[in-house]
Amino acid sequence: MSFTTDATLFTFEGKLIKLTHDSTETKTKMNVNVYLPKQYETSSEKTIPVLLYLSGLTCTPNNASEKAFWQPFADQYGFAVVFPDTSPRGAAIEGEDESWDFGSGAGFYVDATVEKWAKNYRMYSYVHGELQEKLQIEFPKLDFSTISITGHSMGGYGALSGFFKNPNKYKSVSAFAPICNPIECQWGQKNFGGYLGEDKSAWAAYDPTELISKYEGSEIPEILIHTGTADPFYHRDAQLLPENLVAASKGTKFEGKVSSNLVEGYDHSYYFISSFVGQHAAYHAKYLGLSK
Ligand SMILES: N[C@@H](CCC(=O)N[C@@H](CS)C(=O)NCC(=O)O)C(=O)O
């Protein structure tokens with residue numbers, strides 16, 4: 001058995017399963033939550049599409065499980081939601097727990113190449129590969145070949161980056177307050193520098209604003225983004241830079257398809273995220289074949 005079930009919680013009309021497993025990518029135990037919608041019980045083999053939700057800095061799988069409120073929409077349309085952790089935990093690397101925006105809780109969805117981090121900090125391969133393959137075996141009624149991706153902040157960047165780097169794998173991509181151009185902001189520079197080293201071409205291989213023109217897929221969904229004008233990481237710190245992604249889409253397959261919405265007065269918190277989860281669920285449901 002590769003997973004241990006720590007809890008099965010009844011929530012809305014489905015169940016939230018809290019799991020742990022040994023990861024071959026991170027060489028640590030990993031935590032992951034899976035929301036099985038009400039359709040799961042009565043469905044047949046491999047029929048429930050999946051939404052992968054990547055969380056932001058400092059989060060565990062529990063933050064979004066408890067306060068993004070995907071559950072009623074997952075029940076309405078009939079998709080499962082997977083909430084991975086944001087980094088390995090307890091890898092015993094010096095400095096791992098020193099800062100809130102690097103190391104533990106901040107894996108930045110890359111495969112580290114700097115030696116100190118390279119053995120364990122492989123969140124790119126973990127979330128897009130190993131985790132999905134193992135969950136497909138554990139939950140055979142989920143259909144990991146019909147999957148979309150979303151996320152918040154660091155996880156919004158992770159969703160956009162993972163979408164562009166895996167042509168035609170994800171049916172659709174959306175993001176809440178994503179870090180759109182990490183090369184150009186402090187969070188990105190700190191994490192790319194720490195995990196990937198000083199070679200900026202390695203950074204570009206993960207940056208959505210760099211990747212959008214290089215996308216080789218034939219499926220070109222609209223990209224849905226919401227960012228709050230009262231989000232200090234947007235208006236004060238310029239960490240998010242959604243305008244750069246829209247500008248970079250010009251002349252690419254995604255020209256006119258990046259729906260970047262600045263929403264007046266909303267901040268960076270889950271009060272903001274949960275306010276727009278319904279719109280994002282409806283958007284993904286369409287691409288997952290669950291609505292017109
Ligand atoms: N340093 C602050 C900011 C970190 C932050 O806002 N993290 C966002 C993602 S970038 C988050 O989702 N925090 C957890 C939560 O709101 O539940 C903190 O630790 O709360």
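Just so you know, ligand 1 is whichever comes first in the structure, and atom 1 is the first atom listed for that ligand. When reading the values below, keep in mind they use all heavy atoms of this one structure, side chains included, and skip hydrogens, waters and symmetry mates.
Using a 4.0 Å cut-off to heavy atoms of K67, the atoms of ligand 1 that qualify are 15 (C), 16 (O), 17 (O). Listed by number with element, the atoms of ligand 1 under 4.0 Å from a non-hydrogen atom of G56 are 9 (C). Contact atoms of ligand 1 toward S153: 10 (S) (distance under 4.0 Å to a heavy atom of the residue). Of all atoms in ligand 1, numbered sequentially from 1 with element shown, those under 4.0 Å from a heavy atom of F233 are 6 (O). Interface atoms of ligand 1 facing N63, defined by a heavy-atom separation under 4.0 Å, are 14 (C), 15 (C), 17 (O). Close contacts between ligand 1 and H268 involve ligand atoms 6 (O), 10 (S) [criterion: under 4.0 Å to a heavy atom]. Near L57, the atoms of ligand 1 lying under 4.0 angstrom from a non-hydrogen atom of the residue are 7 (N), 8 (C), 9 (C), 10 (S), 11 (C), 13 (N). Numbered from 1 in the order shown, with element, the atoms of ligand 1 that lie under 4.0 Å from a heavy atom of W100 read 1 (N), 3 (C), 4 (C).
For F254 and Y215, the gap between ring centers is short of 6.0 Å.
Within the 4.0 Å heavy-atom shell around ligand 1 one does not find S269. Residue H152 places a heavy atom under 4.0 Å from ligand 1.
Proximity annotation for atom 16 (O) of ligand 1: of Y270, Y271, F272, Y270 comes nearest, heavy atoms only.
For atom 19 (O) of ligand 1, the closest heavy atom belonging to the protein is T58 CG2, 3.5 Å. Of the protein's heavy atoms, C59 SG, 3.2 Å lies nearest to atom 12 (O) of ligand 1.
The cationic group of K165 lies under 6.0 Å from the six-membered ring centre of Y124 and within 45° of the ring axis, placing it in a cation-pi geometry.
No side-chain heavy atom of Q279 sits under 4.5 Å from any side-chain heavy atom of F73.
The local environment of NZ in K119 is sparse, with at most 12 non-hydrogen atoms from other residues, nucleotides or ligands closer than 6.0 Å.
Residues S55 and Y109 approach most closely at O-OH, 2.9 Å, considering heavy atoms.
Using a distance-only test at 3.5 Å, with no hydrogens or angles considered, a donor-acceptor pair links the side chain of E96 to the main chain of A92. When atom types are taken as modelled, the side chain of K253 and the backbone of G217 share a donor-acceptor pair closer than 3.5 angstrom. For the pair D237 (side chain) and Q239 (backbone), a donor-acceptor distance under 3.5 Å is absent.
Counting protein heavy atoms under 4.0 angstrom from atom 1 (N) of ligand 1 gives one or more.
Between K134 and E130 there is a salt bridge, since at least one side-chain N of the basic residue sits less than 4.0 Å from a carboxylate O of the acidic one.
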